[in-house]
Amino acid sequence: MFIVVGVTGGIAAYKSVHIVRLLVKQGHDVHVVPTEDAVRFVGIPTWEAISRHPVTTSVHDDVARVRHVALGQAADLVVVAPATANSLAKMAAGLADDLLGTTLLATSAPVVVAPAMHTEMWRHAATQHNVALLRARGVHIVGPAEGELTGGDSGPGRMSEPEEIVSAALGVVGARRDLEGLSVVVSAGGTREPIDPVRFIGNRSSGRQGIAVAREAASRGASVTLVAAHVEDDVLVPVPGISIVHAATAKDLAEAVRDAALTADVVVMAAAVADYRVADIAPRKLTKEGRVGGLTLELVENEDILAGLARDRRDGQTIVGFAAEMPGDGETLIDRGRRKAARKDTDLLVVNEVGWAKGFERSENEVVLIERGGGVVDTVAGSKGDVAVALWNAIHAMRMKNR
Ligand code: CTP
């Protein structure tokens with residue numbers, strides 16, 4: 001899930017570090033938006049290190065990506081913790097003089113707010129009025145708790161504990177933990193088959209779809225091993241709930257996936273695996289010196305990892321493949337998908353159309369899910385995250401049915 005955590009300027013900001021950690025640990029994609037005041041309590045490097053995303057307070061940074069509205073638009077959930085009396089007043093008034101303000105106005109996602117302030121400020125009619133207004137607009141308020149406050153006084157005003165805020169926030173969006181206890185392997189990215197020490201045969205897979213699948217599984221409670229072939233730099237963000245194994249070639253990937261699959265309940269082969277490798281890899285860089293005319297490379301076939309996994313599947317193990325298809329004249333994407341599903345004997349095949357301008361290097365995707373026997377389980381058009389959600393819904397439903 002794409003979660004924005006807004007942090008405003010109160011001492012409880014240090015506790016929000018733990019909120020971000022908990023959410024990241026559960027596989028969520030967390031973007032922190034502190035206010036200028038908040039970074040006097042906890043600095044930007046801390047937020048960046050813990051969320052693994054760039055952090056800014058200003059609407060003037062990263063303008064090319066229209067960040068002031070982009071975060072709010074992308075968010076599935078916004079959590080503001082701590083929310084000071086001042087920030088509650090700003091929210092109630094709809095002020096947008098910083099990145100958090102614009103993000104809150106630009107979002108249609110559920111907003112969960114954890115107030116923190118001194119008892120007098122909390123009880124003040126202005127604050128109570130603002131809280132009531134926010135509630136009426138559908139904002140969820142968690143706490144504040146009663147207890148000792150920073151000045152040594154005590155009463156209502158303490159920010160609720162991070163665990164409570166996280167579970168309330170995830171509860172609001174109905175975050176599922178339906179994959180708890182499941183062991184999952186996901187392969188992602190494109191393999192690279194070497195020609196010589198400096199050249200390779202590769203493909204256009206960015207790894208985005210596979211990584212979205214891994215993250216979704218982790219956020220729903222699965223324990224995930226991600227076998228990553230070549231993925232784009234900005235795509236492979238380490239997530240504490242996911243262990244990553246790197247694999248360069250189809251052969252490396254086959255070994256890593258087979259190893260991890262030994263104890264896995266579900267294997268999802270989202271990687272674009274090279275069907276062929278160079279028969280004799282040149283030990284030294286190939287040179288044109290002394291060569292006349294073209295160059296012919298002999299390619300030999302790689303094993304089909306997915307078909308092998310399906311052949312060796314244990315009882316109760318679910319094997320899922322992806323298929324990148326370009327339907328020819330007179331055939332549909334589904335026809336091609338059905339043929340591939342039968343050929344590879346997958347429990348579920350995610351079929352998407354590819355072409356020069358389709359399927360790769362973009363965040364949107366359109367897929368058809370085909371089950372064993374050729375039935376269409378679902379058709380999904382949306383972000384790669386949406387595809388990941390639909391895929392796990394289908395896998396989960398299938399496993400429940402076959403229990
Ligand atoms: N795959 C695999 N091992 C290979 C090739 C592909 O495990 N050597 C897996 C991919 O990870 C994917 C699925 O097979 O899950 C389908 O990949 P795709 O490239 O669409 O199919 P191919 O098997 O290459 O078939 P074709 O090129 O004939 O369409």
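Counting starts at 1 for both ligands and their atoms, following the listed order.
- Nearest non-hydrogen protein atom to atom 28 (O) of ligand 1 is Arg343 NH2, 3.8 Å.
- Between Arg313 and Asp347, at least one side-chain N (NZ, or NE/NH1/NH2) sits under 4.0 Å from a carboxylate O, which counts as a salt bridge.
- Glu353 contributes no side-chain N or O that, together with a main-chain N or O of Pro327, makes up a donor-acceptor pair within less than 3.5 Å.
- At the top of the distance list for atom 7 (O) of ligand 1, counting protein heavy atoms only, stands Leu306 N, 2.7 Å.
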| Worked verdict on Lys15 versus Glu161 for salt bridge (Lys or Arg N to Asp or Glu O under 4.0 Å) | CA-CA 8 Å; Lys15 283 207 214 167; Glu161 289 308 312; 3.3 Å; yes

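- For ligand 1, the polar-atom distance check against Lys340 finds a nitrogen or oxygen pair separated by under 3.5 Å.
- Note: an N/O pair closer than 3.5 Å links Ala271 and ligand 1 by distance alone.
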| request: May I have the step-by-step check of salt bridge (Lys or Arg N to Asp or Glu O under 4.0 Å) for Asp196 and Lys285, ending in yes or no? | output: CA-CA 5 Å; Asp196 69 15; Lys285 184 180 169 217; over 6 Å; no

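- Scanning the protein for heavy atoms near atom 3 (N) of ligand 1, the closest one is Ile305 N, 3.1 Å.
- Judged by distance alone, the side chain of Glu48 and the main-chain N or O of Val55 form a donor-acceptor pair under 3.5 Å.
- Taking 4.0 Å as the cut-off between side-chain N and carboxylate O, Glu303 and Arg258 count as a salt-bridged pair.
- Within the 3.5 Å criterion, the main-chain N or O of Leu71 finds no donor-acceptor partner in the side chain of Thr103.
- Heavy-atom proximity to Gly321, at under 4.0 Å, picks out these atoms of ligand 1: 15 (O).
- Defined by atom type and a distance below 3.5 Å, a donor-acceptor pair is present between the side-chain atoms of Arg399 and Thr318.
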| request: Please report the C-alpha distance between His28 and Asp76 in whole Å, then the side-chain angles of each, then the deciding distance to 0.1 Å, and finally whether the side chain to side chain donor-acceptor pair (under 3.5 Å) criterion is met. | output: CA-CA 10 Å; His28 298 293; Asp76 301 304; over 6 Å; no

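- When only modelled atom types and interatomic distance are considered, Asn130 and Thr127 share no side-chain donor-acceptor pair under 3.5 Å.
- In terms of N/O distances under 3.5 Å, ligand 1 is not approached by Ala270.
- Taking distance alone, with nitrogen or oxygen atoms compared against 3.5 Å, Lys344 approaches ligand 1 more closely than that limit.
- Less than 4.0 angstrom separates atom 23 (O) of ligand 1 from at least one non-hydrogen atom of the protein.
- Heavy-atom separations between Ala324 and ligand 1 include at least one value shorter than 4.0 Å.
- Among protein heavy atoms, atom 8 (N) of ligand 1 sits closest to Glu303 O, 2.9 Å.
- Looking only at heavy atoms of the protein, atom 15 (O) of ligand 1 is closest to Met269 O, 2.7 Å.
- Considering only non-hydrogen protein atoms, atom 27 (O) of ligand 1 sits nearest to Asp275 OD2, 3.4 Å.
- Inclusion of Asn302 in the set of residues having an N or O under 3.5 Å from an N or O of ligand 1 is not warranted.
- Residue contacts with ligand 1: Glu301 is excluded, as none of its non-hydrogen atoms falls under 4.0 Å.
- With 3.5 Å as the limit, one finds no donor-acceptor pair spanning the side chains of Glu232 and Ser206.
- Residue contact check: Ala323 has heavy atoms under 4.0 Å from atoms 20 (O) of ligand 1.
- Between Phe322 and ligand 1, at least one N/O pair is under 3.5 Å apart.
- Counting the atoms of ligand 1 from 1 in the order shown, those under 4.0 Å from a heavy atom of Asp304 are 2 (C), 3 (N), 4 (C), 7 (O), 8 (N), 23 (O).
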